[in-house]
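Structure record follows, encoded as structure tokens.
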Protein chains: 2
Amino acid sequence: MGKLTEPLGDIGDDECGLPRALEAMGERWSFMILRAAFNGLKHFEEMQSNLGIARNILANRLGRLVESEILERQPCPDDRRKIEYKLTEKGESLLPTMIALRQWGEKWGTGVPSNPVLCDERDRQPVQTIRVHAHDGRPLDWHDLLWVDQSDVVAEAAE
Amino acid sequence: MGKLTEPLGDIGDDECGLPRALEAMGERWSFMILRAAFNGLKHFEEMQSNLGIARNILANRLGRLVESEILERQPCPDDRRKIEYKLTEKGESLLPTMIALRQWGEKWGTGVPSNPVLCDERDRQPVQTIRVHAHDGRPLDWHDLLWVDQSDVVAEAAE
DNA sequence: CAACTAGGTAGTGATTCGCAACTTAAAAGC
DNA sequence: GCTTTTAAGTTGCGAATCACTACCTAGTTG
């Protein structure tokens, strides 16, 4: 007797992944550090000078990102002073979120076209703007969306 | 004589839209308030009781989101005590970012399948997982990406 | 073995957060 | 029309977080 759909009204908060995501990524600097990691920065000093973040904050955030299994912390074998922070699979899977946020900031910032463009390395064409897509690939907007109870989805998928 | 590509190394920080996006959305609660707005909550008290956020913080965040033109603040004509906060176009265009973050939180949270599923209202099938797509639609991962100078992109697009 | 480097930690003041109480203006109840 | 209730804030204050600087320690270089 599950309610079939809800009118995008209030959803069970704890069913939503957003709070959990924000627990890991919601603090100041977290996204900037993630960007640095995606940009190939691996070491503490590298990130510190690149981001201009305070050292204790950086240490705290790196620790937290490692705890959340977004980054992996491994001592370098060749120079045992150095520590390499690298993205885990979980961390890499934040790429779409980060690109979407970046694209939004570009689109709605000052009209500057934002010069180095993110491209597919295969054909060097810019990547698509990130959108929500339906099962069959149609791009969707907010008003095309609906919350459906899991059981009802499965039933319909069997059709 | 622009450098053709960079190996995803350091990018001009100010060319990146991420800091600008975080200026508007990087504070605690901003994303949760945005989610509330997407879920149809329009009024102060509604959001306050739904999110459990402190009133002063909510007032501050709403003010900031309005300032950033993510929300629009309009007094209700029928009840002049009430104020309606509604998403602007700029605010609505944060939908992909929010869904991407939510999906990430669901995928990597406790193995709970997260029950009400976000679906296309047309066929009631779940929406796709948000990804980065190439110009031609191929899904791309981190290692498929490259920064290309704008002028070089245009040149290639003309081909 | 002296100097330097990588990755932190510790101390301190400035911000911000979060809770509760208060305010103001507009409805509703009677 | 007078009291009560509701909506949307604002204010004060203690607790937590941020950011800046200085310091520390292990490992590496000259």
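Chain identifiers are assigned alphabetically (A, B, ...) following the order of the sequence lines, protein sequences preceding nucleic acid strands; residue numbering begins at 1 within each chain.
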* ring pair (Phe, Tyr, Trp, His ring centres under 6.0 Å): pairs with one or both residues in residues 116-135 of chain A, sequence neighbours excluded -> H133(A)-H133(B)
* Asked: Which comes earlier along DNA chain D counting from the 5' end, the contact point of E27(A) or that of A59(B), where each point is its nearest nucleotide?
  -> A59(B)
* **Rounded interatomic separation in angstrom, taking CZ from R64(B) and P from dT15(C)** => 14 Å
* Nearest-angstrom distance from the residue atom CG of L65(B) to P of dA8(D) -> 16 Å
* Structure fact -> Between P96(A) and V132(B), the two heavy atoms sitting closest are CA-CG2, 4.1 Å
* To do: Starting at atom CG of L58(A), determine the distance to atom P of dT17(D), rounded to an integer number of angstrom.
  => 18 Å
* To do: Could you tell me the separation between the CD atom of E84(A) and the P atom of dG27(D), rounded to a whole number of Å?
  => 18 Å
* Annotated protein contacts, base or backbone, on nucleotides 18-30 of chain C with a non-hydrogen cut-off under 4.0 Å, one of B, S, - each -> BB-B----BS---
* Asked: Nearest-Å distance, CG (N60(A)) to P (dG11(C))?
  -> 17 Å
* Any salt bridge (Lys or Arg N to Asp or Glu O under 4.0 Å) involving residues 75-88 of chain A? Give me the pairs, sequence neighbours left out, ordered by first then second residue. => D79(A)-R81(A)
* Over how many whole Å does the gap from Q48(A) atom CD to dT5(C) atom C1' extend? -> 14 Å
* **Between dG7(C) (P) and H43(A) (NE2): distance, integer Å** => 6 Å
Please table the atom pairs, donor to acceptor, closer than 3.5 Å between any side-chain atom in residues 52-65 of chain B and protein atoms at least two apart or in another chain.
{"unit_1": "R55(B)", "atom_1": "NH1", "unit_2": "E45(B)", "atom_2": "OE1", "d": "3.3"}
{"unit_1": "R55(B)", "atom_1": "NH2", "unit_2": "E45(B)", "atom_2": "OE2", "d": "2.9"}
{"unit_1": "R61(B)", "atom_1": "NE", "unit_2": "R28(B)", "atom_2": "O", "d": "3.0"}
{"unit_1": "R64(B)", "atom_1": "NE", "unit_2": "E27(B)", "atom_2": "OE1", "d": "3.1"}
{"unit_1": "R64(B)", "atom_1": "NE", "unit_2": "E27(B)", "atom_2": "OE2", "d": "3.2"}

* With sequence neighbours excluded, tell me which residues meet side chain to side chain contact (heavy atoms under 4.5 Å, CB included) with E46(B). => L41(B), K42(B), H43(B)
* Among pairs that include at least one residue of residues 125-144 of chain A, which meet salt bridge (Lys or Arg N to Asp or Glu O under 4.0 Å), considering only residues two or more places apart or in two chains? -> R131(A)-D141(A), D136(A)-R138(A), R138(A)-D120(B), R138(A)-D123(B)
* Quick one: is Y85(B) getting a side-chain N or O under 4.0 Å of the dG9(D) phosphate, OP1 or OP2? -> yes
* For E45(A) and dA26(D), give me the distance from atom CD to atom P, rounded to whole Å. => 17 Å
